[in-house]
Asks: 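Provided herewith is a single structure, encoded as structure tokens, for subsequent inquiry.
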Amino acid sequence: MIHINLDKKREKNKIRALSPIAFEEYMANLFRECGYEVTQTPPTNDGGKDLILQYDGRKYYVECKHFTEGAVGREIIQKLVGAGIVDGDVDGFIVATTSYYNDNAIACMEKSNVPLFLLDLEDIISISINSDKQIMTDLFLLNGSFQ
């Protein structure tokens, strides 16, 4: 028997219909629901990051990419991590997209020596429709980089 999750489909349609700025706001609200203190950067001149998260004494930079087609590549990840290196005092990085990641982006994450998390639309929806938002904070704190 096939189970079709209508909540998941509705949330996917809702996210896809957002503008890029509205997607940043959506992600900011989702992180807030998960217990993070969130600072949104200006839509332009954002210094290479869209959101700054604070949780349990740690700071994360987030880049949000609302793509209707095409993949997120390594360049976006390098820009985000570069912003953290320049700014200093950043504990981890998250890229959130409505699209997917190409092989170069995934290889960049695998080779990275900093905590780096790539969230695609399926990941975002899973977090969004899950009533236990603690999963999100556990994801970063239980990653081998922070133990």
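Atoms considered below: every heavy atom in the structure, side chains included; atoms not considered: hydrogens, waters and symmetry mates. Predicted model, so just to flag it, every value in this text is computed and none were measured.
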Asks: Could you tabulate the donor-acceptor pairs under 3.5 Å formed by side-chain atoms of residues 101-109, not counting sequence neighbours?
Replies:
residue: Tyr101; atom: OH; partner: Val95; partner atom: O; Å: 2.7
residue: Tyr101; atom: OH; partner: Leu119; partner atom: N; Å: 3.3
residue: Tyr101; atom: OH; partner: Leu119; partner atom: O; Å: 2.9
residue: Asn102; atom: OD1; partner: Asn104; partner atom: N; Å: 3.1
residue: Asn102; atom: OD1; partner: Ala105; partner atom: N; Å: 2.8

Asks: Atom OG1 in Thr98, atom CG in Leu18: separation rounded to 0.5 Å?
Replies: 9.0 Å
Asks: In chain order, what residues pass the ring-ring contact (aromatic ring centres under 6.0 Å, His included) check against Phe23, with sequence neighbours excluded?
Replies: His66
Asks: Which residues satisfy the salt bridge (Lys or Arg N to Asp or Glu O under 4.0 Å) test with Glu75, sequence neighbours excluded?
Replies: none
Asks: Do Met27 and Leu30 come within less than 4.5 Å of each other through their side chains, counting heavy atoms only?
Replies: yes
Asks: My understanding is that only residues two or more places apart in sequence, or in another chain, count here; which of them pass salt bridge (Lys or Arg N to Asp or Glu O under 4.0 Å) with Asp87?
Replies: Lys49
Asks: Could you check whether any side-chain heavy atom of Leu118 comes within less than 4.5 Å of a side-chain heavy atom of Ile77, counting everything from C-beta outward?
Replies: yes
Asks: Can you list everything that forms a salt bridge (Lys or Arg N to Asp or Glu O under 4.0 Å) with Lys14? Sequence neighbours excluded, please.
Replies: Glu11
Asks: Check this for me: Glu37, atom CD, are more than 12 non-hydrogen atoms of other residues, nucleotides or ligands nearer than 6.0 Å?
Replies: no
Asks: Check the angle between the aromatic planes of Tyr55 and Tyr36 and answer parallel, tilted or perpendicular using the 30° and 60° thresholds.
Replies: tilted
Asks: Taking only residues two or more places apart in sequence, or in another chain, which ones meet Ser19 in a side chain to side chain contact (heavy atoms under 4.5 Å, CB included)?
Replies: Ile21, Ala22
Asks: Verify whether one side chain among Asn29 and Arg32 offers a donor that lies under 3.5 Å from an acceptor in the other.
Replies: yes
